[in-house]
Number of protein chains: 2
Amino acid sequence: MSVGIRHDDLRRRNRAMVISAVRRAGQPSRTEIAATTGLSHSTISAISADLIQEGILTESKASGPTALKRGRPQIGLALNPEAAAVLTVVLSLNFLSVAVIDYAGQVVAEEQLRLDTLIMPRDELIGECLAIVRRRLQDPDLDVGSVARIAMGIQGITDSHSRAMLWSPITPLTDIPFADLLETEFGIPATMENDCNMMAVALQWRDPERYRDDFIAILLSHGIGMGLVLKGALFTGTHSSGGEFGHMIHRPGGALCRCGRRGCVEAYAGNYAIWRSAMGISEDAAPTDVGDADMRALAAKARIEEGPEREAYRRAGEALGFGLGSLFALIDPAPVAMVGVSAAAFDLIEPALRKAIAQTAGGQHSESISFDTEPNELPLIREGCAMRALTFVDQEIFAPAVQTRGGAGKNVA
Amino acid sequence: MSVGIRHDDLRRRNRAMVISAVRRAGQPSRTEIAATTGLSHSTISAISADLIQEGILTESKASGPTALKRGRPQIGLALNPEAAAVLTVVLSLNFLSVAVIDYAGQVVAEEQLRLDTLIMPRDELIGECLAIVRRRLQDPDLDVGSVARIAMGIQGITDSHSRAMLWSPITPLTDIPFADLLETEFGIPATMENDCNMMAVALQWRDPERYRDDFIAILLSHGIGMGLVLKGALFTGTHSSGGEFGHMIHRPGGALCRCGRRGCVEAYAGNYAIWRSAMGISEDAAPTDVGDADMRALAAKARIEEGPEREAYRRAGEALGFGLGSLFALIDPAPVAMVGVSAAAFDLIEPALRKAIAQTAGGQHSESISFDTEPNELPLIREGCAMRALTFVDQEIFAPAVQTRGGAGKNVA
DNA sequence: GGCTTTTTTTCGAGCCTCAAAAAAATAGTG
DNA sequence: CACTATTTTTTTGAGGCTCGAAAAAAAGCC
């Protein structure tokens, strides 16, 4: 609130601005950057000269389609892929995957692993995560020193400082400080990110037209999660990763939720809830994990004929609709992306969902609310982790106060 | 996202910082300001010299209790009350009040008026608002030129740009662009603020210890409103004032709400809802306005004996509790201030409210959530409007780019 | 080849902040 | 009362940063 802007901050921030403009735009010329940032050409010129000299940016002649114009051709600026690398770790139900990504955002190596997360003891789960990272870091093709950041994504609740997993549906274990464990083990700064938040980050990069300032990413899978972007920034709770849309209350005292409470949205719209309802199992029955194939079969049956399956999706849509309605009462309507296996059954969910929203405060503009679907969440989570790690590097490469790197530069004419 | 920091912004922002530090701290010395802002003494000295010379700040020797120390005594800096003035207009049910407030935040004049907002035609309602402002501005004791800002507060929904009232329970009229009307009429920049948002702003100034970064102000009155502060900043929706806590869904298809929909929190916890329930009137009955005195009598009766009155408050508490639970699922638990006439009956509401919260995701720390009550909302709303207007002036007095005022300063030795 | 157009770099000027030193103002002390 | 210690405030010179204007560079066009 009351922290002054120091003189050195200025350059630091404007450097960040230039890097961010390049990451966003692909291969912008200096002139384009000057236009988008509002800074003068001379400033951009000075900053980009520094950045090139430090090996962060590179000049690339190939401005491609713009080469047909009159005057001096623009010189595209691009991120130097070798400037750094980041590592992403995504841990989901029975599945662990790691990727090494260069500074320009290209995947240079990856590894995936099946494992039984639900029954693994603590040491083993942590051990597997560290081992897979170690294997990637020992890859002879990789310059270990260039790996500047690890971002780990996980289903469940993380703390607001992105340090630890507090709770997750993929394991009975709680409070695992993955970020600290990774940092200690490998000496590389790390964060622990919530899966749905990373989905939102990825969507923002994938389709900045649609997902710019305000939007919602909802994961429809075993559980119901949400990533929320408001005013262009990821929204997180004050203590946790926040945005636990799935545990808003749909019906007080209602169906039993995986979290042990009753009446949560998830207790009607999570895979297990749809399954429970379609199979005529009691709402008080303990949640069970349902495979993706079973869910697809359920959806197929619901599409063929009226019956308990279709009714289950209808109830899921209703729960999601009233939940979204309450959410929209708080933040006003915004574009929604439905992600995960049940997003593939959104055709079964949508009618009831829209009908419910229309009965809520958000319903004033219910027709104008648009939904997009993406059945596969894992690529999104990985992309989000990658971008999160890369933007961290973007803002870490120019160190605070003192000159950026060890002290290499600045002795040329 | 990608707007660069220009060189002149620096001074502008640091000036704002100094002014804000003075407004917050009362009479800080230059040294204290340097400490809180993190800027150097010389910078603070230069900026405060400018500000004093421009008549924005004044030196006040009376640093009072700190005069007993050794070295050179501190010189307190204070806001110059005559630097500017602002005007607040608060329109609530059957009541209109205006106050003139000097730059230091002291009320210098006020006027109040009873009127029948529910049945007034559009022209008349607007006319009364403009007339009461005109009377205050024509006060011979007031230098009209010094009035730099008008902030108007109203119950209901305003747009996210603080320009217009979109909907209000105090009148059947909708979409009145009060901010534009005031600006056109008086040539003074104006805003139209939501009442609950202003309550939150006022609480932040009244008790910054408790209400700092994250808290919730809930109005328990005819309707249920909320002002929400997250990460130190007022939270507003993307299109409207947002934070329509009262219209989150408590029971899908449930009791009839004043907004015409069913099952909103307000339909169980608004004055009319408590009254309806206590009197055994159907949940489908149209909401009626209940006077404060009637509500106090109802609460008194509920305190004496078990019965439908007590049950009505219990149901209100349950609705508020589940609503807060859903809210806490999204933003994590935070301190809550209950404001308005039914806040005086919070003793009747609290047990059921806590019981409900305990059944929700927010309930993990339900004991630690603390509630504060404040039965009278109008002073809070006025204070909030005043602070909003004043902080606007704080950041407008130093113009963009060019030197602050006409060009007076800077020809002294 | 000379001219036009557009991009990029260079250069001097103007500000801003900072650190250190100087000045100011008071309380203690003998 | 003179002098010292202490703390706050102002002054001063240095170093950086951005900006605007002008120069340089690198094409296409005739």
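A, B, ... follow the sequence lines: proteins, then strands. Residue 1 opens every chain.
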Visitor: Less than 4.5 Å apart, side chain to side chain, heavy atoms only: is that true for A:C385 and A:M152?
Guide: no
Visitor: Rounded to whole angstrom units, what separation is found between the CD1 atom of A:I52 and the P atom of C:dT8?
Guide: 10 Å
Visitor: Take atom CG of B:D9 and atom P of D:dG16, then tell me their distance rounded to the nearest Å.
Guide: 22 Å
Visitor: Are more than 12 heavy atoms, taken from residues, nucleotides or ligands other than B:H239, located less than 6.0 Å from that residue's NE2 atom?
Guide: no
Visitor: Which residue, B:R23, B:R388, B:R24, forms the salt bridge (Lys or Arg N to Asp or Glu O under 4.0 Å) with B:D394?
Guide: B:R23
Visitor: Would you mind telling me which of C:dT17, D:dA26, C:dT8 lies closest to the side-chain atoms of A:P73?
Guide: D:dA26
Visitor: For nucleotides 19-24 of chain D, list the nitrogen or oxygen atoms of the protein found under 3.5 Å from its nitrogen or oxygen atoms, one pair per line.
Guide:
| unit_1 | atom_1 | unit_2 | atom_2 | d |
| --- | --- | --- | --- | --- |
| D:dC19 | OP1 | B:R6 | NE | 3.1 |
| D:dC19 | OP2 | A:S40 | N | 2.9 |
| D:dC19 | OP2 | A:S40 | OG | 2.8 |
| D:dC19 | OP2 | A:T43 | OG1 | 2.6 |
| D:dG20 | N7 | A:S42 | OG | 3.4 |
| D:dG20 | O6 | A:S42 | OG | 3.0 |

Visitor: Could you tell me which residues satisfy ring-ring contact (aromatic ring centres under 6.0 Å, His included) with A:F186, sequence neighbours excluded, listed by chain and number?
Guide: none
Visitor: Taking only side-chain nitrogens and oxygens of B:S45, does any of them come within less than 4.0 Å of OP1 or OP2 of D:dT9?
Guide: no
Visitor: Just the rounded figure in Å: distance from P of C:dT17 to CG of A:L10.
Guide: 9 Å
Visitor: Expressed as a whole number of angstroms, how long is the span from A:E59:CD to C:dT7:C1'?
Guide: 12 Å
Visitor: Please tabulate, for the side chains in residues 143-150 of chain B, all donor-acceptor contacts under 3.5 angstrom to protein atoms that are two or more places apart in sequence or on a different chain.
Guide:
| unit_1 | atom_1 | unit_2 | atom_2 | d |
| --- | --- | --- | --- | --- |
| B:D143 | OD1 | B:G145 | N | 3.1 |
| B:S146 | OG | B:D143 | O | 2.7 |

Visitor: With respect to the phosphate group of C:dT7, does any side-chain polar atom (N or O) of A:S29 fall under 4.0 Å of OP1 or OP2?
Guide: no
Visitor: Atom CZ of B:R30 and atom C1' of D:dT7: how far apart are they, to the nearest Å?
Guide: 14 Å
Visitor: Applying the side chain to side chain contact (heavy atoms under 4.5 Å, CB included) criterion to A:P28, which one of A:I44, A:I33, A:V18 satisfies it?
Guide: A:I33
Visitor: Is A:N14 near enough to D:dT18 that one of its side-chain N or O atoms lies under 4.0 angstrom from OP1 or OP2?
Guide: yes
Visitor: With a 4.5 Å heavy-atom cut-off, do B:R15 and B:I56 have their side chains touching?
Guide: yes
Visitor: Starting at atom CD1 of A:I47, determine the distance to atom P of C:dT8, rounded to an integer number of angstrom.
Guide: 15 Å
Visitor: For B:R11 and C:dC15, is the shortest distance between a side-chain N/O and OP1 or OP2 below 4.0 Å?
Guide: no
Visitor: Using atom CZ of A:R15 as one end and atom C1' of D:dT18 as the other, report the distance to the nearest whole Å.
Guide: 16 Å
Visitor: Could you state the atom-to-atom distance from CZ of B:R13 to C1' of C:dC15 in whole Å?
Guide: 16 Å
